[in-house]
2 protein chains.
Amino acid sequence: MRRMDENMPFLLRYENVAWYENGAVRILDRRVYPAEVRFVECGSYHEVAQAIADMVTQSAGPYTAVGMGMALAAHECREKGRAEQSAFLKRASYDLSHARPTAANRYGTVTEDCRRAAETAMEAGSDPVRSVVEATVESLNRRYSAMQLVGDHLAELIPDGGAILTQCFGETIIGTVMRAARKLGKEFRVFCAETRPYLQGARLTAGCFAEMGFDTTVLTDNMAAYAMEREGIDLVTSAADTIAMDGHIANKIGTFQLAILAKYFEIPYFVTGIPDRDKQTKDDIVIELRDPAQVLSFRGITHAAAGVKAIYPSFDVTPPHLISGVVTDRGTFTPYTLEHYFDAGEKKFY
Amino acid sequence: MRRMDENMPFLLRYENVAWYENGAVRILDRRVYPAEVRFVECGSYHEVAQAIADMVTQSAGPYTAVGMGMALAAHECREKGRAEQSAFLKRASYDLSHARPTAANRYGTVTEDCRRAAETAMEAGSDPVRSVVEATVESLNRRYSAMQLVGDHLAELIPDGGAILTQCFGETIIGTVMRAARKLGKEFRVFCAETRPYLQGARLTAGCFAEMGFDTTVLTDNMAAYAMEREGIDLVTSAADTIAMDGHIANKIGTFQLAILAKYFEIPYFVTGIPDRDKQTKDDIVIELRDPAQVLSFRGITHAAAGVKAIYPSFDVTPPHLISGVVTDRGTFTPYTLEHYFDAGEKKFY
């Protein structure tokens with residue numbers, strides 16, 4: 001089976017994200033990568049769900065992990081009777097897709113595909129585990145195919161020989177924009193804001209770009225204005241956790257101020273992703289507030305004095321007047337006309 | 001002798017910054033504070049100079065350390081003949097003040113005061129070590145007296161019950177603005193950007209404010225826009241390493257983007273300090289580029305992949321159109337009329 005993760009950096013290859021083999025799923029622990037390349041080994045699908053809940057893998061990683069978790073579930077119930085197997089797989093599909101509640105509907109699309117593949121294989125007397133692994137890879141391939149169009153459109157916007165600034169870890173778009181740039185024969189430099197408190201920009205994004213031969217530079221989050229003024233940034237870009245129909249987008253904390261700074265320096269800011277019809281306006285966006293202790297510590301060592309508080313909003317909301325364009329699989333839209341994205345019909349995206 | 005560090009937080013009390021006692025100078029190691037309260041013990045003035053060069057103490061800390069280093073030098077040469085003692089102290093004054101080259105002239109004002117105090121004591125047959133300790137405390141008191149006026153003017157600008165946002169560690173102004181606020185009976189909340197890569201905001205500034213009973217909240221550097229939009233920040237303020245006569249100021253990296261964000265949110269940004277007549281325009285400001293490896297690591301652990309580069313400018317330059325006022329000991333000036341600061345005569349500042 002052809003895999004869409006060919007010629008991708010280490011971090012994006014399916015078998016490094018999460019992989020089923022011999023009754024176990026191995027998940028790369030992104031919480032410590034690349035300082036340590038360590039895999040969490042799961043002997044049951046419950047352990048896979050727990051690993052997702054514990055953020056062992058994040059960004060697009062759970063799409064692979066829930067599928068491989070379903071393969072493990074098919075393995076776990078191999079000795080049971082047919083009816084029991086079906087019940088077990090139904091339960092597994094629910095548990096895995098609900099490992100993190102906010103994206104349960106998206107993960108559920110993958111796990112239900114996997115469940116149906118297992119049922120079909122069992123009916124036909126073939127190996128359900130193998131079928132589920134294949135169904136997962138097919139599902140990931142479909143996701144990459146759609147996202148490749150986003151990457152293609154973003155790559156068109158980047159001037160050859162130019163420089164982009166991004167932050168956090170927009171997993172799939174990173175892979176596809178690099179592939180698109182290679183196809184177009186474009187070179188560009190990449191500046192990654194490190195993205196405190198988890199440093200996904202420094203730890204994950206920068207490594208992917210550098211591994212594929214892009215000139216890659218990390219900066220602390222307080223150096224963005226300096227870089228925009230003095231390093232020749234041509235374009236600022238980020239993914240989005242939500243693109244509301246009124247043109248407000250929610251993304252990892254820090255995106256909002258990058259967009260303000262880009263406006264100040266007259267640099268375009270492009271957001272990548274698919275408009276979300278479930279979110280009509282910014283008021284439909286809820287900002288998750290995480291444990292503030294994460295801000296006061298790093299790698300478990302607290303660095304602030306007793307009595308000091310912190311805030312930790314995971315996301316912020318960027319208004320449309322700071323967004324130069326929303327880059328989708330159907331082209332680039334202004335944030336003020338997102339309803340036209342759906343002129344070509346509805347879109348299921350996972 | 002009355003000390004101006006009374007009722008100051010732990011970090012700002014002279015004996016915690018650096019102190020001479022029984023043939024040794026103890027310097028608080030701010031590189032690890034407050035996770036660890038550890039002192040570097042120096043048995044010779046050379047070790048004091050080395051500790052300053054190694055950033056064991058920084059911000060205003062070296063003003064105390066060089067004075068106490070001179071006391072140690074007076075102790076070290078106690079058995080020598082008079083002529084040798086003078087030569088030794090002259091050498092010590094030079095070496096200590098040049099521990100870090102850029103502020104050598106300022107540190108030299110302290111060490112030369114100390115040297116003269118030692119000479120006078122030796123002539124009079126009294127204890128030169130004790131005289132140097134006293135001369136150091138007097139010098140620090142003079143500095144605090146002048147800076148108290150800056151703190152008074154800044155405190156006037158903060159609305160009672162309001163909130164300020166700052167970053168890094170403007171040591172002396174932190175102490176004096178708190179004292180001024182107490183005198184005026186003003187309360188305010190403090191938001192501290194953590195200030196990567198060394199986290200002086202989270203480690204040093206936040207602790208000082210919290211210790212004195214101010215409601216203090218740390219944020220990562222990428223949360224500044226979020227805080228300005230949602231936490232009711234009334235005023236952004238920072239110290240400055242240089243205030244050029246054309247109204248451009250140089251300060252710790254990150255200041256520039258805080259000023260841009262403050263402008264976007266229509267929040268005033270006030271810089272504290274004394275205009276520097278040696279710097280006529282922004283072209284006289286040189287930005288020190290430090291070791292980029294510091295950005296790719298934290299507490300000695302590298303978190304980025306091989307092949308990833310980084311930048312580490314220590315400072316950035318904020319233009320006058322983003323500055324609402326320059327708060328000095330002689331009142332608050334617009335950055336466009338700084339020459340009027342000197343209408344009341346020249347100013348030596350250390």
Side-chain angles (χ1 to χ4, degrees), chain A residues 33-35 167 191-197 199 202-203 206-211 215-231 252-261 263-265 287 292 295-296 298-299 301-313 316, chain B residues 33-35 167 191-197 199 202-203 206-211 215-231 252-261 263-265 287 292 295-296 298-299 301-313 316:
Chain A
Y33 183 88
Q167 71 151 26
F191 288 84
C192 301
E194 65 175 12
T195 323
R196 278 277 293 153
L199 302 175
R203 294 192 301 107
C208 284
F209 277 110
E211 187 181 335
D215 183 305
T216 308
T217 303
V218 166
L219 45 144
T220 56
D221 299 314
N222 52 4
M223 295 175 188
Y226 177 94
M228 288 186 198
E229 187 180 49
R230 296 173 188 245
E231 299 286 347
K252 171 58 52 86
I253 187 73
T255 306
F256 181 24
Q257 69 189 47
L258 284 186
I260 295 170
L261 298 173
K263 188 86 165 188
Y264 177 85
F265 289 105
I287 294 182
V295 165
L296 299 174
F298 186 69
R299 282 181 168 258
I301 302 169
T302 297
H303 49 252
V308 171
K309 299 185 295 186
I311 53 172
Y312 182 7
D316 53 29
Chain B
Y33 183 88
Q167 70 150 28
F191 288 83
C192 301
E194 64 176 13
T195 322
R196 278 275 293 152
L199 303 174
R203 294 193 301 106
C208 284
F209 277 109
E211 187 180 334
D215 183 305
T216 308
T217 303
V218 166
L219 44 145
T220 56
D221 300 314
N222 52 3
M223 295 175 188
Y226 177 95
M228 288 186 198
E229 187 180 49
R230 297 173 187 244
E231 298 286 346
K252 172 58 52 87
I253 186 74
T255 306
F256 181 24
Q257 69 189 50
L258 284 186
I260 295 170
L261 298 173
K263 188 86 166 187
Y264 176 84
F265 290 104
I287 294 183
V295 165
L296 299 174
F298 186 69
R299 282 182 168 258
I301 303 169
T302 297
H303 50 251
V308 170
K309 300 184 294 185
I311 53 171
Y312 183 7
D316 54 28

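Because the structure is a prediction, the values reported are computed rather than measured.
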B:L258, part contacting chain A, at a heavy-atom distance under 4.5 Å: neither
Leading residue by heavy atom contact count with chain A [cutoff under 4.5 Å; candidates B:I260, B:V295, B:T195]: B:I260
Side-chain heavy atoms of A:N222 within contact of B:T255, under 4.5 Å: no
From CA spacing to verdict: side chain to side chain contact (heavy atoms under 4.5 Å, CB included), A:E194, B:F298: CA-CA 12 Å; A:E194 65 175 12; B:F298 186 69; over 6 Å; no
CD1-CD1 distance between A:I301 and B:I301, expressed to the nearest 0.5 angstrom: 6.0 Å
Check: B:F256 and A:E229 side chains under 4.5 Å, non-hydrogen atoms: yes
Step-by-step side chain to side chain contact (heavy atoms under 4.5 Å, CB included) determination, A:K309 to B:D215: CA-CA 8 Å; A:K309 299 185 295 186; B:D215 183 305; 2.9 Å; yes
Contacting moiety of B:L199, where chain A heavy atoms sit under 4.5 Å: side chain
Contact winner vs chain B - A:G207, A:A202, A:A310, heavy-atom pairs under 4.5 Å: A:A310
Interface moiety of A:E231 toward chain B, non-hydrogen atoms closer than 4.5 Å: side chain
Side chain to side chain, A:Y312 and B:M223, heavy atoms closer than 4.5 Å: yes
When B:T302, B:I287, B:I311 are compared by non-hydrogen pairs under 4.5 Å with chain A, the top option: B:I311
Chain A contact via B:F209 - which portion, at a heavy-atom distance below 4.5 Å: neither
Minimal non-hydrogen separation, A:A210 against B:G307, with atom names: CB-O, 3.9 Å
B:L296 versus chain A, the contacting section by heavy-atom distance below 4.5 Å: side chain
Minimum heavy-atom distance between B:A305 and A:P34, given as atom pair plus value: N-CG, 3.5 Å
Expected output: side-chain B:Q257 to main-chain A:A224 donor-acceptor under 3.5 Å: yes
